[in-house]
Number of protein chains: 2
Amino acid sequence: MTPASRRVLEAAGRLFYAHGIHAVGVDRIAAEAGVTKKTLYDRYGSKEQLVVEYLADRDERWRDFLGRRLEAVGEEPAARVLAVFDASHAWALERGGKGCGMVNAHAELSGPDHLAHPVVTGQKAWMLDLFTTLAAGLAPERREELGRALLLLHEGGLVAHGMGVFPEPLLCAREQARALLASV
Amino acid sequence: MTPASRRVLEAAGRLFYAHGIHAVGVDRIAAEAGVTKKTLYDRYGSKEQLVVEYLADRDERWRDFLGRRLEAVGEEPAARVLAVFDASHAWALERGGKGCGMVNAHAELSGPDHLAHPVVTGQKAWMLDLFTTLAAGLAPERREELGRALLLLHEGGLVAHGMGVFPEPLLCAREQARALLASV
DNA sequence: CCCACTTTAAACCGATCGGTATAGTCGTCT
DNA sequence: AGACGACTATACCGATCGGTTTAAAGTGGG
């Protein structure tokens, strides 16, 4: 990855997330990356491909961020679940002012045939699988139900944060998750 | 409201929701409404204003839809809470294939200075107030906490539905809401 | 030293964007 | 009859869209 292409991806990520994908043109991305459009197209080929790489990069950063937090918290399933909500809370504070980038992108992408569609749905499927796996360590017979419930709370927290419905919704979601797991 | 302006609003609502706001031009809206751009601009003045009226109209339809369902279910608070989830489930089936229109619009709108911003945040604030009021009828001392938890489950269900993470998420959210209220 | 690679600069393409202009038709209400 | 509001038709505006082109100027490794 060349220095210029890295700056392009950084600018694209910042602008796409802040203003939406359709609202940002490639000219602006190139300008803010300090790069010509030629360079941008040499590296990424098309805006659509740049969108795919933006989402894949954001997904990878999130999984790394979450992975480091899960490593630090140990093996106890309930603690790991709470660590997911804590990670989302921290993530939302530092680079998530507008809610979940995958959800926002999904709202703009036309249909399931878009190249970025599997990236978006893949993250949510991965999150559901993570919650379900953790739930299986607490109540194997209720793993499906608990995993889905945790995902609902998590997604709800992200949306509420993005729209500013009430303060610190991810900590509120974390508390509900704690109560839910305590009742098992 | 003239017949032409009604058709414009219908076409705008359908296209904005299905493809996103920035992805739909006024030419296409006018064409699908069977109307010239002149007529569209005579009635709505600008695309931005049309967006505002699209969201306000969708909000009004939702509140009417929900209001009729709440009327039919009686006065018992827990039953009314479940009726909200049932209403969202039914709404999502018939005109909500891409999740919450307000959340999707919020993802595309640049910032709090957009004319449509109060419409979007207003609906979420109204929903939080509704849940909190209903919760007050069950456990007045926990109304804030329960209202927020119900909102999280509800928003999570809408997002999960829009992205197709797992089937019938709003019924799953309803079941979690039922369990939450039963534990009070 | 050389060559392949990266990057810059600026002009250019057709298409579409939101928005406006002029002109004219139709039905309805006094 | 006449005025008025709703609407159609079409052409146009400057700006921006995604994308391409041609040129020249660094840059690092073999």
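Labels below follow one simple rule: chain letters A, B, ... track the order of the sequence lines, proteins then strands, and each chain is numbered from 1.
Going from atom CD of A:E48 over to atom C1' of D:dG19 covers 14 Å, rounded to whole Å. Regarding B:Q49, its CD atom lies at a distance of 15 Å from the C1' atom of C:dG19, rounded to whole Å. Atom C1' of nucleotide C:dT6 and atom CZ of A:R6 are separated by 14 Å, given to the nearest angstrom. The interatomic distance linking B:K47 (NZ) with C:dG19 (P) rounds to 8 Å, in whole Å.
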Might you work through the salt bridge (charged side-chain N to carboxylate O under 4.0 Å, His left out) test for B:E71 and B:R68, ending with a clear yes or no?
CA-CA 5 Å; B:E71 270 183 33; B:R68 279 192 298 276; over 6 Å; no
Given B:E32 and B:R7, is the salt bridge (charged side-chain N to carboxylate O under 4.0 Å, His left out) satisfied, shown in steps?
CA-CA 9 Å; B:E32 296 214 12; B:R7 293 202 310 273; over 6 Å; no
With salt bridge (charged side-chain N to carboxylate O under 4.0 Å, His left out) as the test, would you mind laying out the steps for B:D86 and B:R69 before giving the verdict?
CA-CA 9 Å; B:D86 287 332; B:R69 296 235 164 189; over 6 Å; no
Encoded 5' to 3' (Watson-Crick or G-U under 3.5 Å; [ ] crossing; | other strand), DNA chain D becomes ||||||||||||||||||||||||||||||
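Listed pair B:T2 / D:dC7 meets the phosphate criterion, a side-chain N or O lying under 4.0 Å from OP1 or OP2.
We find that B:R63 and B:E60 are not joined by a salt bridge, their nearest charged nitrogen and carboxylate oxygen being 4.0 Å or further apart. Here B:E10 pairs with B:R14 in a salt bridge; the nearest charged N to carboxylate O distance falls below 4.0 Å.
For the contact set between residues 25-46 of chain B and DNA chain D, defined by any heavy atom under 4.0 Å, the members are B:G34, B:V35, B:T36, B:K38, B:T39, B:R43.
The distance from the CG atom of A:L82 to the NE2 atom of A:H89 is 13.5 Å, given to the nearest 0.5 Å. The distance from atom CD1 of A:I29 to atom CG of A:L50, rounded to the nearest 0.5 Å, is 5.0 Å.
By the 6.0 Å and 45° rule, B:R95 stacks over the aromatic ring of B:W91.
Nucleic acid contact for B:V24: sugar-phosphate only, since backbone atoms but no base atoms lie under 4.0 Å from a heavy atom of the residue.
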